[in-house]
Amino acid sequence: MTSMPFDTRLVLINGQWRSGASGQTLPLLNPSDGSLLTEIARGNAADIAAAVDSAQAALDGPWGALTAAERGRILLKMSALTLVQADELARLEALDVGKPIKQGRADAVAMARYLEFYGGAADKVHGETIPFANGYTALTIREPHGVTGHIVPWNYPMQIIGRSVGAALAMGNACVLKPAEEACLTALAFGRIALEAGLPAGALNIVPGLGEEAGAALSSHPGVAHLSFTGSVAVGQMIQAAAAMNTIPVTLELGGKSPQIVFADADLDAALPFLVNAGIQNCGQTCSAASRILVERPVFDEVRARMAERYAALKVGPAMDDPDVGPVISARQREIVQGFLGVARDTGLAIAAQATLPADLPKGGCYVAPTLLAPAAPDHRLAQEEIFGPVQVMIPFDGEAEALKIANGTAYGLVAGVWTRDGGRQLRMARKLHCGQVFINNYGAGGGIELPFGGVKHSGHGREKGFEALYGFSSLKTIAIKHD
Ligand code: NAD
């Protein structure tokens with residue numbers, strides 16, 4: 001086992017680190033070489049019940065008594081501590097997720113930025129006064145939901161914790177966080193940062209464990225007032241069903257099959273790095289990965305050739321070596337991705353480029369060669385389903401109408417990118433794309449912490465990031481006072 005900076009086998013409940021109720025642990029593997037990294041607690045329904053009780057007690061006690069400005073100051077302190085520890089957090093993420101060091105560090109900086117943004121926003125969420133009948137004053141106030149449940153995946157633990165727990169705490173909720181069983185370390189480190197920053201006991205509780213045990217217990221607990229979930233469509237649907245039984249709101253972020261659309265008049269030099277990076281970043285395990293590249297026919301061959309050059313230059317390797325592309329999270333995820341590549345082979349989908357896997361990669365590592373497939377038909381399985389690996393498909397099109405039909409023609413609708421110099425087309429496309437975010441002549445806007453984010457259709461609903469998330473983590477109360 002690799003030496004860890006803290007005991008990783010504990011849960012955080014009521015400000016105390018303790019063993020889980022079952023006393024059992026789960027192994028945490030290093031995807032770069034398959035070795036046993038450490039163990040984590042196998043939290044269960046009893047731990048979740050204790051965590052929810054502790055969160056409710058915090059709301060009824062010191063945490064609930066703080067002013068918005070005081071909550072904000074604690075979040076700002078958490079942000080500062082996160083930045084101080086960014087290198088260590090990046091190391092933990094590299095070991096745990098297989099994320100190249102530079103990308104892990106960027107995630108730590110992003111988490112700090114979320115905490116800074118929401119810390120600053122905590123005392124700036126206002127209600128309104130409403131012109132109403134004579135003799136009345138009517139107003140609205142925003143209140144926390146109460147205990148919020150956060151079920152987080154393994155691909156971007158720090159960013160997702162920052163945006164969801166950060167916003168929920170800023171609004172005065174008390175949180176129960178269930179990190180993914182494949183990657184827990186930075187979630188546990190986050191708990192330590194919160195305590196060091198003076199977050200009152202119980203405002204944040206962390207229960208690692210299996211999805212079907214701790215996750216299911218959290219999503220069905222009657223003491224939880226709001227759930228936010230990021231992960232697969234299948235589990236998202238289960239979470240929504242569980243939330244329905246308790247009649248509580250849920251925010252779902254369920255991934256996508258996001259396109260980047262390249263018109264013949266685009267600045268290709270500007271587009272090229274985004275076209276490839278947004279597909280292979282975090283080994284393609286990104287909800288907003290640009291896994292479909294739609295290219296107008298006159299420039300299709302040129303874009304394919306130039307993307308292929310970039311693929312050939314990609315360095316794949318262990319996360320601690322800081323390559324362009326690390327391993328996928330697990331042997332299971334590698335099998336999923338290789339299954340898709342098998343379908344590509346069996347259906348004659350041409351490989352336009354494939355990075356070479358170095359011969360000396362660690363044997364137990366979960367590596368997949370980044371692969372560019374082109375041309376694909378828009379209805380091909382690999383052009384429709386989320387692969388969650390370093391695989392992109394290219395689809396040719398003729399004109400705006402066909403580009404829109406293809407772009408909107410999947411079950412998902414998370415993000416889209418449009419590359420064109422034509423201003424009218426930029427706006428027409430932005431208005432007609434059926435998704436939650438559109439980027440014109442860029443993709444992702446460098447993370448865009450301030451920019452509301454979320455999907456339509458199977459990509460989910462509700463918005464995270466930006467100010468919008470604060471509305472999602474609050475409940476609006478209307479007060480009408482009759483004074484005449
Ligand atoms: P998953 O949806 O099973 O896991 C995500 C989180 O949900 C984890 O914390 C897990 O413990 C929890 N969970 C699992 N079952 C649960 C249940 N019954 N009740 C409550 N919580 C539960 O995702 P996965 O199996 O890790 O990955 C499978 C696929 O999901 C991937 O190939 C990818 O397509 C997709 N995915 C998407 C995202 C995203 O960012 N949208 C993230 C991870 C995975």
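Every number for a ligand or one of its atoms is a count from 1 in the order of the listing.
Atom numbering of ligand 1 starts at 1 in the shown order; those under 4.0 Å from a heavy atom of Glu253 are 41 (N). Counting atoms of ligand 1 from 1 in the listed order, those under 4.0 Å from a heavy atom of Gly215 are 19 (N), 20 (C), 21 (N). Close approach of ligand 1 to Glu386 (heavy-atom distance below 4.0 Å) involves ligand atoms 33 (C), 34 (O), 35 (C). Near Ile239, meaning under 4.0 Å from one of its heavy atoms, ligand 1 places the atoms 20 (C), 21 (N). Every atom of ligand 1 with a heavy atom of Gly255 under 4.0 Å away is listed here by number and element: 41 (N). Taking every non-hydrogen atom of Val152 and a distance limit under 4.0 Å, the qualifying atoms of ligand 1 come out as 6 (C), 8 (C), 9 (O).
Arg332 has no carboxylate O lying under 4.0 Å from a charged side-chain N of Glu335, or vice versa, which leaves the two without a salt bridge.
What sits closest to atom 44 (C) of ligand 1 on the protein, heavy atoms only, is Phe388 CE2, 3.6 Å. When hydrogens are left out, the protein atom nearest atom 3 (O) of ligand 1 is Val235 CG2, 3.5 Å; that is the closest non-hydrogen contact. The single protein non-hydrogen atom nearest to atom 1 (P) of ligand 1 is Ser232 OG, 3.6 Å, given as residue, atom name and distance. In terms of protein heavy atoms, atom 40 (O) of ligand 1 is closest to Asn155 ND2, 3.1 Å. Looking only at heavy atoms of the protein, atom 12 (C) of ligand 1 is closest to Ile151 CG2, 3.7 Å. Among protein heavy atoms, atom 17 (C) of ligand 1 sits closest to Gly211 O, 3.4 Å. Ranking the protein heavy atoms by distance from atom 39 (C) of ligand 1 puts Cys287 CB, 3.6 Å first.
Across all non-hydrogen atoms, the minimal contact from Pro208 to Val11 is CD-CG1, 3.9 Å. Annotation for Gly436 and Arg463: closest pair CA-NH2, 4.0 Å, computed over non-hydrogen atoms.
If you take OG1 on Thr38 and CG on Leu185, they are separated by 7.0 Å, rounding to the nearest 0.5 Å.
Of the candidates Pro390, Pro370, Pro327, Pro323, Pro370 is the only one forming a side chain to side chain contact (heavy atoms under 4.5 Å, CB included) with Val316.
Comparing Arg332, Lys178, His150, Gln159 by heavy-atom distance to atom 28 (C) of ligand 1, the nearest is Arg332. In the candidate list Glu213, Gln285, Glu181, Glu181 is nearest to atom 10 (C) of ligand 1, counting heavy atoms.
Counting heavy atoms from C-beta on, the side chains of Met320 and Arg91 come closer than 4.5 Å.
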Checklist entry - Does the pair Phe6 and Trp17 meet the rule for a ring-ring contact (aromatic ring centres under 6.0 Å, His included), with working shown? => result CA-CA 11 Å; Phe6 49 80; Trp17 292 101; 7.1 Å; no

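Considering both main-chain and side-chain atoms, Met238 never comes within under 3.5 Å of ligand 1 through any nitrogen or oxygen pair. The shortest N or O to N or O distance between Thr230 and ligand 1 is not under 3.5 Å. Backbone and side-chain nitrogen or oxygen atoms of Pro153 are examined, and none is located within less than 3.5 angstrom of a nitrogen or oxygen of ligand 1.
Figure legend: Lys178 and Phe229 shown without cation-pi pairing, the cationic atom not lying both under 6.0 angstrom from the six-membered ring centre and within 45 degrees of its axis. A cation-pi arrangement, defined by a distance under 6.0 Å to the six-membered ring centre and an angle within 45 degrees of its axis, is absent between Lys457 and Tyr412.
Classified by interplanar angle (parallel below 30°, tilted 30° to 60°, perpendicular above 60°), the ring pair Tyr471/Phe467 is perpendicular. Using bins of under 30°, 30° to 60° and over 60° for the plane-to-plane angle, the ring pair Trp154/Phe388 lands in the perpendicular bin.
When heavy-atom distances to ligand 1 are checked against a 4.0 Å cut-off, Trp154 comes that close only through its side chain, counted from C-beta outward.
Side-chain atoms of Arg71 come within 3.5 Å of backbone atoms of Ala170 as a donor-acceptor pair (strictly under, hydrogens ignored).
Here Tyr443 and Trp419 keep their ring centres 6.0 angstrom or further from each other.
Proximity of atom 7 (O) of ligand 1 to the protein is indicated by at least one non-hydrogen atom lying closer than 4.0 angstrom.
Contact annotation: Gln333 has at least one heavy atom less than 4.0 Å from an atom of ligand 1. A heavy-atom separation below 4.0 Å is found between Phe229 and ligand 1.
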